[in-house]
Amino acid sequence: MNGAAAPERSPSASPPLPAQAQAQAPPSPSPTQPLEWRFSQVFGERSAGEEVQDVDIISAIEFNKSGHHLATGDRGGRVVLFERTDVKDHACRKDAEKADYSISRHPEFRYKTEFQSHEPEFDYLKSLEIEEKINQIKWCQAANGALFLLSTNDKTIKFWKVQEKKVKKVSEMNLDRSAAPANGSPGGVGYLSPSLSNGNALKPGGFPLLRLPVVVTSQETSLAASCRRVYAHAHDYHINSISNNSDGETFISADDLRINLWNLEISNQSFNIIDVKPTNMEDLTEVITSAEFHPTHCNTLAYSSSKGSIRLVDLRQSALCDTHSQIFEQHEAPGSRSFFTEIIASISDIKFSKDGRHILSRDYMTLKLWDVKMNSGPVATFQVHEYLRPKLCDLYENDSIFDKFECCQSGDGLRVATGSYSNIFRVFGCGTGSSEATTLEATRNPTRRQLQNPTRATRSLSTLTRAVRRGGESTGIDANGNSYDLSTKLLHLAWHPSENLIACAAANSLYMYYA
């Protein structure tokens, strides 16, 4: 593919997969060929010069387990659902082969519905405003043709049901108009017993003009979202992640210091399973940044910390999981520590692979792939934007160094992806012998950044009108000579569970790319 370069791996990184993982991994081409990514769709594309409202900026993206539905959340507390349209209900593989129908058509989605999930609130006890921004969305198991999902802001989790309902309409009135009084005269002494359409008569002194509607259910349907449960008042600090359990009955919610276990059916009670809050808050050295359940083992979960470590926890050990079964961390090289070392080591997101054998983590500068059976270090490290390392002081001054980037992995486990600045995202091959490292921009022409080579940085309008910063330039030149803009960042993205389709958010626009 145009512009594909060899992946930037750290010198200390191990081979892409350890020997024991290679033995169990499914056979794949060696090395895998780099994918050629193409633009698929965009929703909410803004025109040139159009100002983006803060409430419209996308803050969460999630595919459901089948990949037939996609949900996004925004800073305005809304959840928008999209459904796949290129899948025919009757088009099974045999039928497709008989009809010579191509099943390689790329996935297409359409807008399905949207609803207001959260509203701004005010905590009167703490004199604290709670914004409506959606931090995360997780799909639950569908049932009886209805979709279920969890959405959360900083304090409150909600359980939503979305289903089609048949529209009820008023078909007729029960009063026989032919027996109504002439000239519109009101009912009185001379009009006491008009006939109803069912042959009955009103009693003397009744109301002859009373008309009762007859409601019937039509064949038309409309989508309705209803909030089934609200899980509130369980977190003192901001919720950073929620995760469904594979048992289909429970889920976890994590804030900076605690992780709680919930039952989907019980909203007024949760169990605190992890608590890292010290007796004296002055002794606090690290916080929880992300947490996720194992995809198949309902007793196992992983959570990451601001110190760059990932802890694996077995819920069968004790009710309060103060101890971990495994810890994954990369020890820094002697003499390499600086003021920014711990800040950029903070993990912003973790994801289990589909088979649960690997954990993907994203810190500020790198993507790391860990084998759950080998805690000596990551099996692969990918440099996302190494050209920013000399700029860490500027990034600290304008708070960009605290940006939280998400990561995702393909369903086959052969590739990983994450976002960066200037609305770009990077796709790396993590299969045996792969050297794939592709840079794409969230535009209709995703490869255009590899063709541009500006001689100097340019300041965009969005840079000039950006929110308050504490100094430091927001534009510059990357290692390839391309300009980068810190005010446009691609924080949220998701990989389709079974196909090579990536959905990513650039401000208020949702872009999709396929390969």
Side-chain angles (χ1 to χ4, degrees), residues 37-46 52-53 55-89 91 103 105-118 132-143 145-152 158-165 221-227 242 244 351 406 408 410-411 417 419 423 425 440 442-444 446 490-515:
W37 292 93
R38 298 181 178 90
F39 169 79
S40 174
Q41 290 175 278
V42 59
F43 295 93
E45 186 177 29
R46 64 183 186 274
V52 178
Q53 300 296 322
V55 294
D56 295 330
I57 295 178
I58 297 173
S59 57
I61 302 178
E62 186 80 8
F63 281 103
N64 72 339
K65 193 173 182 180
S66 67
H68 292 340
H69 290 91
L70 173 69
T72 65
D74 62 26
R75 293 186 182 179
R78 294 172 301 233
V79 172
V80 183
L81 304 185
F82 301 87
E83 65 179 349
R84 190 167 173 177
T85 60
D86 61 307
V87 177
K88 297 181 179 180
D89 294 335
I103 60 174
R105 184 180 176 190
H106 71 88
E108 291 180 1
F109 286 78
R110 71 178 175 194
Y111 169 86
K112 185 178 179 74
T113 188
E114 68 179 87
F115 55 91
Q116 188 71 32
S117 174
H118 287 72
E132 64 272 34
K133 185 187 94 167
I134 305 297
N135 289 344
Q136 246 187 357
I137 297 172
K138 292 295 180 183
W139 289 90
C140 302
Q141 293 178 356
L147 302 173
F148 295 89
L149 52 88
L150 290 166
S151 62
T152 184
K158 294 186 178 182
F159 183 51
W160 291 91
K161 178 182 181 181
V162 182
Q163 67 176 153
E164 287 188 347
K165 290 186 176 181
T221 60
S222 66
L223 281 166
S226 58
C227 183
I242 53 177
N244 292 325
K351 293 284 195 312
E406 293 179 0
C408 59
S410 61
N423 283 341
F425 63 100
L440 303 163
T443 62
R444 288 181 176 268
L490 199 151
L491 301 176
H492 312 286
L493 77 172
W495 202 304
H496 190 280
S498 58
E499 300 187 40
N500 287 321
L501 175 79
I502 292 179
C504 55
N508 67 323
S509 302
L510 176 67
Y511 286 90
M512 295 189 187
Y513 302 93
Y514 73 98

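Values reported hereafter were calculated over all heavy atoms of this structure, with side chains retained and with hydrogens, waters and symmetry mates removed. Worth saying up front: this structure is predicted, and the values here are computed from it rather than measured.
- Note that CZ of Phe39 and OH of Tyr514 are 10.5 Å apart. Values are rounded to the nearest 0.5 Å.
- Looking at Lys138 and Thr152, their side chains never come closer than 4.5 Å, going by heavy atoms from C-beta outward.
- Closest non-hydrogen pair, Ser151 versus Trp160, comes out as OG-NE1, 3.3 Å.
- Residues Val42 and Arg444 have side chains in contact (heavy-atom distance under 4.5 Å, counting atoms from C-beta outward).
- Relative ring orientation between His69 and Trp139 is described as tilted, the plane-to-plane angle lying within the 30° to 60° band.
- Between the Gln116 side chain and the His118 main chain, a donor and an acceptor come within less than 3.5 Å of each other.
- In this structure, CG on Leu147 lies 13.0 Å from CD on Gln141, to the nearest 0.5 angstrom.
- For the atom pair Leu501 CG and Arg38 CZ, the distance stands at 13.5 Å (nearest 0.5 Å).
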Could you go through the side chain to side chain contact (heavy atoms under 4.5 Å, CB included) check for Ile57 and Val52 one step at a time?
-> CA-CA 8 Å; Ile57 295 178; Val52 178; 3.9 Å; yes
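- Looking at every heavy atom in both residues, Ser40 comes nearest to Pro107 through OG-O, 3.5 Å.
- For the side-chain contact (heavy atoms from CB on, under 4.5 Å) criterion with Leu223, the lone passing option out of Glu164, Lys165, Glu114, Gln163 is Glu164.
- Summarising the geometry, atom NE2 belonging to His496 is positioned 12.5 Å from atom OG belonging to Ser410; distances are rounded to the nearest 0.5 Å.
- Counting heavy atoms from C-beta on, the side chains of Ser509 and Arg46 come closer than 4.5 Å.
- Atoms CD and CD, on Glu108 and Gln41 in that order, are 5.5 Å from each other to the nearest 0.5 Å.
- Asn135 contributes atom CG, which lies 9.0 Å from atom CD1 of Ile242 (distance to the nearest 0.5 angstrom).
- The nearest pair of heavy atoms linking Phe148 to Lys161 is CE2-CG, 3.5 Å.
- Shown here for Ala503 and Ile61, the closest heavy-atom pair between the two residues is O-CD1, 4.0 Å.
- Side chain of Arg75 to main chain of Gln53: no donor-acceptor pair is present (N/O by atom type, distance under 3.5 Å, no hydrogens or angles).
- Between Leu81 and Leu149 the shortest side-chain heavy-atom distance falls below 4.5 Å.
- Here the closest heavy-atom approach between residue Ile137 and residue Gly73 is recorded as CD1-N, 3.4 Å.
- Across all their heavy atoms, Leu493 and Gly419 have their closest contact at CD2-N, 4.1 Å.
- Checking side-chain atoms of Lys158 against main-chain N and O of Ser117 turns up a donor-acceptor pair under 3.5 Å.
- At least one side-chain heavy atom of Leu70 sits under 4.5 Å from a side-chain heavy atom of Phe109.
- Side-chain contact check for Phe115 versus Val80: every heavy-atom pair is 4.5 Å or farther apart.
- Under the 30°/60° scheme for interplanar angles, the aromatic rings of Tyr513 and Phe425 are found to be tilted.
- Ile502 has its side chain within reach of Trp37: a pair of non-hydrogen atoms, C-beta onward, lies under 4.5 Å apart.
- Within the 4.5 Å cutoff, side-chain heavy atoms of Arg110 are placed close to those of Glu83.
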Stepwise side chain to side chain contact (heavy atoms under 4.5 Å, CB included) test for Asn244 and Leu150 = CA-CA 9 Å; Asn244 292 325; Leu150 290 166; 3.3 Å; yes
